[in-house]
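Encoded as structure tokens, the structure appears first; notes follow it.
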2 protein chains.
Amino acid sequence: MDRLFHALADATRRDILRRSVDGELSVSRLAADYPMSFAAVQKHVAVLEQVGLVTKVRRGRELLVRSEPEALRRAREALDQLEEAWRGRIQRMSALLDED
Amino acid sequence: MDRLFHALADATRRDILRRSVDGELSVSRLAADYPMSFAAVQKHVAVLEQVGLVTKVRRGRELLVRSEPEALRRAREALDQLEEAWRGRIQRMSALLDED
DNA sequence: CTAACCTACAACCAAATGGTTGTATCAACT
DNA sequence: AGTTGATACAACCATTTGGTTGTAGGTTAG
């Protein structure tokens, strides 16, 4: 979970995720739009891949990057769990008020 | 947003968040339960505070830590936005299939 | 008032992060 | 076969991170 949130804690990586929804962009095509070297973008994609946020599929001599919603869902559930603890507090407060 | 996700990318910080829902635990009380120095926990709380995930309220000589659901909601919305792009893709695929 | 407790903050250190360049591999086009 | 394009990966560097210890400032209890 640490690594999942870490992967999301970078604007470039989140942008890559957004653009990879259709899975039709190669690493070099993605890299062309960022103000950094190809290798740097390659590393960002690797970080996303290691936590399962994207997968790569070969097409000819390029690798297409596709974002995977599964991992995204895992992150959302972790946030939901945190929020749920908070909702539980609201309920306890309501219960207290109802006792009056 | 980078710093928000970064703050969430640490198990100790997420645990502090969970335990601070009721806002009744002081920094030192929190710190007592982690295998690290008081100063280290203090730093974790500071990270959470800087992105608005918790606030501190004085009670006597201690500072009570309370988690703030607002910031959590911001993170969730960012994830929702990413997932929405993906749902849009599903819809486009469905539309294509319907054309047949 | 003094001692004890809670917090803040600085200085320091090892390890990880995010970037670079350079080299190697591998597929495809002519 | 040789060249070009796309990717992988290592080595290196500056900065940040996550931890430590030590010092100092307030606040409460006795």
Side-chain angles (χ1 to χ4, degrees), chain A residues 1-20 22-68 71 75 78, chain B residues 1-20 22-68 71 75 78:
Chain A
M1 195 58 66
D2 284 15
R3 294 193 309 157
L4 178 53
F5 279 112
H6 169 71
L8 292 167
D10 182 286
T12 301
R13 287 197 286 264
R14 287 194 304 277
D15 195 62
I16 290 176
L17 264 190
R18 252 176 252 116
R19 298 177 60 201
S20 303
D22 291 322
E24 291 181 355
L25 296 177
S26 66
V27 181
S28 54
R29 179 67 179 75
L30 283 167
D33 296 329
Y34 301 105
M36 62 187 79
S37 71
F38 170 77
V41 175
Q42 202 174 274
K43 279 194 189 178
H44 283 304
V45 173
V47 169
L48 292 172
E49 193 180 16
Q50 279 175 359
V51 298
L53 279 165
V54 304
T55 54
K56 286 185 281 192
V57 165
R58 172 134 251 139
R59 184 182 65 182
R61 56 183 157 186
E62 50 196 2
L63 287 180
L64 304 185
V65 178
R66 177 197 333 268
S67 72
E68 295 288 340
Chain B
M1 195 58 63
D2 286 15
R3 293 195 308 158
L4 180 53
F5 278 111
H6 169 72
L8 293 168
D10 182 285
T12 302
R13 287 196 286 264
R14 287 194 305 277
D15 195 62
I16 291 176
L17 264 191
R18 253 176 251 115
R19 298 177 60 202
S20 304
D22 292 321
E24 292 180 356
L25 295 178
S26 66
V27 181
S28 54
R29 181 66 180 75
L30 283 167
D33 297 329
Y34 300 106
M36 64 187 77
S37 69
F38 169 77
V41 176
Q42 203 173 272
K43 279 194 189 178
H44 282 305
V45 173
V47 168
L48 292 171
E49 192 180 17
Q50 279 175 0
V51 298
L53 279 166
V54 304
T55 54
K56 286 185 282 192
V57 165
R58 172 135 252 137
R59 185 182 67 182
R61 57 183 159 186
E62 49 196 5
L63 287 179
L64 303 185
V65 179
R66 177 198 331 270
S67 73
E68 295 288 338

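Protein chains get the first letters and strands the later ones, always in sequence-line order, with residue 1 at the start of each.
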Calculate the interatomic distance between [X] atom [atom1] and [N] atom [atom2]; express it in whole Å.
{"X": "B/Leu25", "N": "C/dT7", "atom1": "CG", "atom2": "P", "value": "11 Å"}
{"X": "B/Lys56", "N": "D/dG26", "atom1": "NZ", "atom2": "P", "value": "16 Å"}
{"X": "B/Leu48", "N": "D/dG18", "atom1": "CG", "atom2": "C1'", "value": "14 Å"}
{"X": "A/Asp2", "N": "C/dT17", "atom1": "CG", "atom2": "C1'", "value": "15 Å"}
{"X": "B/Arg3", "N": "D/dG18", "atom1": "CZ", "atom2": "P", "value": "13 Å"}
{"X": "B/Gln42", "N": "C/dC9", "atom1": "CD", "atom2": "P", "value": "8 Å"}
{"X": "A/Glu62", "N": "D/dT4", "atom1": "CD", "atom2": "C1'", "value": "14 Å"}

Would you please name every residue forming a side chain to side chain contact (heavy atoms under 4.5 Å, CB included) with [X], sequence neighbours left out?
{"X": "A/Val47", "value": "A/Ala7, A/Arg13"}
{"X": "A/Arg29", "value": "A/Arg19, A/Leu25, A/Ser26, A/Asp33"}
{"X": "A/Ala40", "value": "A/Met36, A/Ser37"}
{"X": "B/Leu4", "value": "B/Met1, B/Val51, B/Leu53, B/Ala71, B/Arg74, B/Ala75"}

Between B/Arg66 and B/Asp22, is there a salt bridge with N-O shorter than 4.0 Å?
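No, this pair does not count.
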Considering residues at least two apart in sequence or located in another chain, which fulfil the salt bridge (Lys or Arg N to Asp or Glu O under 4.0 Å) criterion with A/Arg59?
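Salt bridge (Lys or Arg N to Asp or Glu O under 4.0 Å) list for A/Arg59, sorted by chain: A/Glu62.
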What string of B, S and - do you get for nucleotides 18-30 of chain C, 5' to 3', if B is base contact, S is sugar-phosphate-only contact and - is no contact with any protein heavy atom under 4.0 Å?
SBBB-----SS--
With a cut-off of less than 4.0 Å, is there a side-chain N or O of A/Ser28 near OP1 or OP2 of D/dG5?
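Result: no.
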